[in-house]
K.L.:
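Can you keep this structure in mind? I'll have questions shortly.
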Amino acid sequence: MKKIKNIALIGMIAVGVLCSSCSEDFLKPDPLSFYEPEQTFTTEAGLRSVVATLDRHLRNYWTYYQAANLVTPFYTLFMHTDLAVAGKTDQSTIWADPSERLTPSDGMGGGGSEVNQFSYFWGETYTGIKSANTITSYIGKIKDMDEASRNKYIGWAYFHRAYRYLSLVFMFKDVPLVTKIIEGPKFDYKTTSREAILAKMVEDMEFAVQWVPEQKDMKEIGLVNKGACRMLLSKLYLATGQWEKAIQQLNEVIDNSGYSLMTNTFGTFVTPLNTETWPIQRNVIWDLHRPENKLIAENKEVILGMPNRGIGSSNSFVAFNTMRALGPLWDDKSNLLDPNGVQAVKSFARSDKNYDSKYDYNRSIGRGTGYLHPTYYSQYGMWEVNGVDDEGDLRRSTKSGNWMMMDSVRVNNPSSKYYGQYLQKSWCKDTIRDWFGWPHYKIYLMDQNAEAKESSTQFNGASSSSTTSGIADWYCYRLAEAYLLRAEAKFYNGDPAGAALDVNKVRERAQCKQLYTTVTIGDIMDERARELYLEEWRYLELSRVSYCLALSGKPDEWGNTYDVNTYDKQEGTDPNGGSYWYQRIMHYNEFYNKNPELIVKNHKYTIDKRNLYLPIPQSAIDANRLGKLRQNYGYDKYDDSVPMWGNWQEAVADEDNLSN
C-alpha cells in the first residue's frame, strides 16, 4: 500500500538554512550571495532530506501564512488579475493601488495581513533554487549510486529549479541565473535574459522527463513524478513558442499515462459540519475538491498533489484557513444590518442560548473575513458561454451547494424583526468585504479543531491542535489543466476547433450545457478561471499567456495583436494598449482604474501597465554590490543599457568567477 509522504524532514539531517524557509530571514538577506559553510552530502539520505525540503516549500506557496494564519503568498497572485482585488476594507494597508505603491524599495510587502506577499516569491523562490542546486552540486559525492537513481535525483532537482524559474521570469522577467552551490561569496551577478533562462529550463526538463519515474512506480504520494515533469515541460515549450512539442507532451499526459478526468462521485462524501443550514447534493466536483479525496488511489485525475495533513508528524501540517480568508464577512456588526439597524447575522457558538441549527452558518460555510473580493466577471460574467448563463455548470451550482451567494443567507439574529428572512444587498454598507458569491466547494475545509469545542465561534478551515489534526491536501497539477494547456497550444498552432474539443472535455465533466465549436484565447483563459481558481497562480499564468500570445502573433478575444518586443514596454493607467494581462484587467475588473471616487482607507484601486512585471527588489540590487542587475521597465533606475547574459552558457560559466 502506498503511503503519503511526510513533507517535513522526516528524521533526515538538517541542511542549515535550507530547513528554515518560513523564516523572515529569507526575505531580508542578499538573495544572490549563496555562500555558506560547505555541507557535504555523502549519502542518499542526505539528498533525500533536500528533496523533502523542496516538496514542502513548494506547498508553502499555497499554505504558508503570515499575520495570524490569514494571508498566504498565492492570494496575492489573484489581486493583480481579472478575478479579484484586495477586500479587507477596514485596514489602511489594503493592497488596492499597486500603480502607486509597487516600487523596488517598499512595495513588495512581506508582512501584515493586508499588504501583498510578493517579497515571498523572490526570497523563497531563490531559496528553493539553492536547495535544488544542492542536489546537483553534491550528488557526485555519493558512492555506489546507480545511474538511474542518480538521474532521478537530478530530475527532481531540475523540476524544482525549473518550476521556480518559470515563476520568476513571468513575475520579474530577466533575473540572475544560479545553477550551482558556489565555493565562496559572489556579489557580482549579472542579469540573465528570460529567453536564456527558459532555454536552460527546457533542456533540464527534457532530461527530467526521461529519468523521473511515473507515479505508479513510486511508493510515496507527493513526490514529483513523470506526469508533473511533462506538465512543467509543456509550459516551458509554450513559453518558448514550441507549440507542437507542447502538444506532444500533453498527449502523453492525457492519453498514455494512466490519468483520466473524474466524471462520477468517488472517495469519501465529506459534508460540512452542519448540512441543515446549507445542504450539499453529492456530485463529482464536490468530491474532487475534498482534501480527503485528492491524493487517494481512486482519484485518477491528480498528477501532482501536495500532502498537508496532521498525520505522522506535527511538522507535516500547516493550517490552511481558506474559509476565514476567502469567504465574505457575513457577520459584519457594522455594515450588514437589517432596515432597523440590527446586526442581521451572527456567529453563534453551539453553547449559545440563541444558537439555532437551522441557521448555523459558522459550521456550514465558515466565518469569512473577505480578504479577497472577486470581481463581477468572476462571479457572473465568465459563466456566460455562447451568450447564455450556463445553469448546468456544477462549478457554479447553488442547487448542488457547490456555489454560495449572500442572498442565500438568512437573518439568524433573534433580536431582528427580520429573523429567518433572506439578506438583501440593499442592507449592506460594505459590498466589497461583505457581499459576493464564492466557490464553496473550493474553500470549504473541515475545521476539526473548532468542532471539538462547543464554544467555538470561528470555523476557519483546516486547523489543528494537540489533540486534533487537519487535512488540507491541495493540487499542484491535475489532468483538467493538461486539457486546457493543450487547448492553448492548439490555439497558438492555428487549430481553434481542436482547442475547443479540449475545453469541452473539461466543461462536459462539469455537466455544462453550453459547449464551444471554436475558441479564442479568452475562452481558454475563462475556462482556466472557472476550473482552476485557487489552484493556478492566476497572475503568473496571465503573464505567461501574454508572452505566448505575443510570440504566436494570434489575436486576443478583442482582435488585438501584440508585438513581443513592445507589449511589456508601456506604462500608464488609461484603458488602451499594454499587454494581454492589462487588457484582461481593463475589460473584466470593475475596480482598477475605473472609479476614481472609490477610495478605501485613502487608497484607490489603480494598476499600471508596467505592473505586468514586479520590480527587482532594491535589496537584491544593493546586495549585489560588485555587479549591476537590470531593473524592470517603468520602475525607478530602469536602464536598458545595463548588460545581461543573452545565453545561459555564459551565465553558468560566470558563476565560477567569485567576487574578490
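This structure is a prediction, so every number in the text was calculated from the model and none was measured.
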K.L.:
Could you tell me how the ring of Tyr477 sits relative to the ring of Phe159: parallel (under 30°), tilted (30 to 60°) or perpendicular (over 60°)?
P.N.:
perpendicular
K.L.:
Give the intermediate values and the outcome of side-chain contact (heavy atoms from CB on, under 4.5 Å) for residues Leu288 and Asn299.
P.N.:
CA-CA 8 Å; Leu288 183 66; Asn299 186 351; 4.2 Å; yes
K.L.:
Calculate, to the nearest 0.5 Å, the distance between atoms CG and OG belonging to Leu612 and Ser546 respectively.
P.N.:
6.0 Å
K.L.:
Test side-chain hydrogen bond (donor to acceptor under 3.5 Å, both in side chains) on Thr520 and Asp523 and set out the steps.
P.N.:
CA-CA 5 Å; Thr520 65; Asp523 296 325; 3.3 Å; yes
K.L.:
Is there a donor in the side chain of Ser149 and an acceptor in the side chain of Asp146, or the other way round, less than 3.5 Å apart?
P.N.:
yes
K.L.:
Examine the side chains of Asp55 and His160 and answer whether a donor and an acceptor come within less than 3.5 Å of each other.
P.N.:
yes
K.L.:
Can you name the closest pair of heavy atoms from Ile135 and Leu47 and give their distance?
P.N.:
CA-CD2, 4.0 Å
K.L.:
Return yes if some donor-acceptor pair links the side-chain N/O of Asn493 with the main-chain N/O of Asp495 below 3.5 Å, else return no.
P.N.:
no
K.L.:
Between Ser543 (side chain only) and Phe170 (backbone N and O only), is there a donor and an acceptor less than 3.5 Å apart?
P.N.:
yes
K.L.:
Charged N to carboxylate O under 4.0 angstrom, Arg538 versus Glu536?
P.N.:
yes
K.L.:
Does the pair Lys294/Glu301 count as a salt bridge with the N-to-O cut at 4.0 Å?
P.N.:
no
K.L.:
Quick check against the 3.5 Å criterion: does Trp581 have a side-chain atom that pairs as donor or acceptor with the backbone of Leu540?
P.N.:
no
K.L.:
Is the shortest side-chain N to carboxylate O distance from Glu124 to Arg164 below 4.0 Å?
P.N.:
no
K.L.:
Apply the side chain to side chain donor-acceptor pair (under 3.5 Å) test between Tyr237 and each candidate in Lys245, Glu206, Gln248, Gln242; give the one that qualifies.
P.N.:
Glu206
K.L.:
Partners of Asp654 by salt bridge (Lys or Arg N to Asp or Glu O under 4.0 Å), sequence neighbours excluded?
P.N.:
Lys186
K.L.:
Look at Lys505 together with Glu527 and state whether they make a salt bridge at an N to O cut-off of under 4.0 Å.
P.N.:
no
K.L.:
Atom CD1 in Ile303, atom CD in Glu481: separation rounded to 0.5 Å?
P.N.:
8.0 Å
K.L.:
Flag the pair Ile521 / Lys554 as yes when at least one side-chain heavy-atom distance between them is below 4.5 Å, and no otherwise.
P.N.:
no
K.L.:
Is the Phe118 to Trp122 ring centre distance short of 6.0 Å?
P.N.:
no
K.L.:
Please confirm whether the backbone N or O of Ile616 pairs with a side-chain atom of Gln631, one donor and one acceptor, at under 3.5 Å?
P.N.:
yes
K.L.:
How far does CG of Leu177 sit from CD1 of Ile197, to the nearest 0.5 angstrom?
P.N.:
5.5 Å
K.L.:
Any chance the side chains of Glu252 and Asn256 put a donor and an acceptor closer than 3.5 Å?
P.N.:
yes
K.L.:
Check the pair Arg486, Asp255 against salt bridge (Lys or Arg N to Asp or Glu O under 4.0 Å), reporting the backbone distance first and the verdict last.
P.N.:
CA-CA 12 Å; Arg486 191 169 69 175; Asp255 300 326; 3.8 Å; yes
K.L.:
Between Phe187 and Arg625, is there a cation-pi geometry (under 6.0 Å to ring centre, at most 45° from the normal)?
P.N.:
yes
K.L.:
Any Lys/Arg nitrogen of Lys190 or Asp174 sitting under 4.0 Å from an Asp/Glu carboxylate oxygen of the other?
P.N.:
no
K.L.:
For the pair Asn632 and Leu614, evaluate side-chain contact (heavy atoms from CB on, under 4.5 Å) and give the outcome as yes or no after the intermediate values.
P.N.:
CA-CA 7 Å; Asn632 280 323; Leu614 308 177; 5.7 Å; no
K.L.:
Is it true that Asp204 and Lys200 have a side-chain N and a carboxylate O under 4.0 angstrom from each other?
P.N.:
yes
K.L.:
Are Arg584 and Asp526 within salt-bridge range, i.e. N to O under 4.0 Å?
P.N.:
yes
K.L.:
Are Lys152 and Trp211 in a cation-pi setup, meaning NZ or CZ lies under 6.0 angstrom from the ring centre and within 45 degrees of the ring axis?
P.N.:
no
K.L.:
Centre of Trp243's six-membered ring, under 6.0 Å away, within 45 degrees of the axis: is that where NZ or CZ of Lys490 sits?
P.N.:
no
K.L.:
Is it true that Glu195 and Lys173 make a salt bridge, defined as a side-chain N closer than 4.0 Å to a carboxylate O?
P.N.:
no
K.L.:
Would you name the heavy atoms of Phe491 and Ala499 that are closest together and state the gap between them?
P.N.:
N-CB, 4.1 Å
K.L.:
Are Arg544 and Glu488 within salt-bridge range, i.e. N to O under 4.0 Å?
P.N.:
yes
K.L.:
Could you state the interatomic distance from CG (Leu236) to CG (Leu198), rounded to the nearest 0.5 Å?
P.N.:
6.5 Å
K.L.:
For Arg230 and Leu250, indicate whether the former's side chain and the latter's backbone hold a donor-acceptor pair under 3.5 Å.
P.N.:
no
K.L.:
Assess whether side-chain contact (heavy atoms from CB on, under 4.5 Å) is satisfied between Arg530 and Arg507, documenting all intermediate values.
P.N.:
CA-CA 9 Å; Arg530 300 177 194 115; Arg507 293 187 60 75; 3.4 Å; yes
K.L.:
If we ignore hydrogens and angles and just use 3.5 Å, is the side chain of Asn504 paired with the main-chain N or O of Ala500 as donor and acceptor?
P.N.:
yes
K.L.:
Measure the CD1-OG1 distance between Ile139 and Thr134 for me, rounded to the nearest 0.5 Å.
P.N.:
12.0 Å
K.L.:
When rounded to the nearest 0.5 angstrom, what is the spacing between OG1 in Thr125 and CE in Met171?
P.N.:
6.5 Å
K.L.:
List the atom of Val175, the atom of Val169, and the distance in Å for their closest heavy-atom pair.
P.N.:
CG2-CG1, 4.5 Å
K.L.:
Using only atom types and a distance under 3.5 Å, with no angle test, would you say the side chain of Glu655 pairs donor to acceptor with the backbone of Thr179?
P.N.:
yes
K.L.:
For the residue pair Trp156 and Tyr153, categorise the inter-ring angle as parallel (less than 30°), tilted (30 to 60°) or perpendicular (more than 60°).
P.N.:
perpendicular
K.L.:
Got a donor-acceptor contact below 3.5 angstrom from the Ser257 side chain to the Tyr259 backbone?
P.N.:
no
K.L.:
Against Tyr64, only a single residue in Tyr120, Phe74, Phe320 fulfils ring-ring contact (aromatic ring centres under 6.0 Å, His included); can you say which?
P.N.:
Tyr120
K.L.:
Show the numbers, then the answer: is there a ring pair (Phe, Tyr, Trp, His ring centres under 6.0 Å) between Tyr613 and Tyr635?
P.N.:
CA-CA 10 Å; Tyr613 299 123; Tyr635 296 104; 9.3 Å; no
K.L.:
Do you know which of Trp537, Phe172, Tyr539, Tyr75 makes ring-ring contact (aromatic ring centres under 6.0 Å, His included) with Phe121?
P.N.:
Trp537
K.L.:
Taking Glu650's backbone N and O only, do any of them form a donor-acceptor pair with Asn647's side chain (distance below 3.5 Å, no angle check)?
P.N.:
yes
K.L.:
Quick check with a 6.0 Å cut-off and a 45 degree axis cone: is Arg478 positioned over the face of Tyr475's six-membered ring?
P.N.:
yes
K.L.:
Does Ser167 reach the main-chain N or O of Tyr163 with its side chain, forming a donor-acceptor pair under 3.5 Å?
P.N.:
yes
K.L.:
Will you find, in the side chains of Tyr165 and Arg161, an N or O donor that is under 3.5 Å from an N or O acceptor?
P.N.:
no
K.L.:
Tell me, with the steps shown, if Lys180 and Asp656 meet salt bridge (Lys or Arg N to Asp or Glu O under 4.0 Å).
P.N.:
CA-CA 9 Å; Lys180 60 186 71 174; Asp656 291 326; 3.4 Å; yes
K.L.:
Return the minimal non-hydrogen interatomic distance between Arg150 and Ile142, and the atom names on each side.
P.N.:
NH2-O, 3.5 Å
K.L.:
State plainly whether the residues Arg630 and Asp639 are in salt-bridge range, i.e. N to O under 4.0 Å.
P.N.:
no
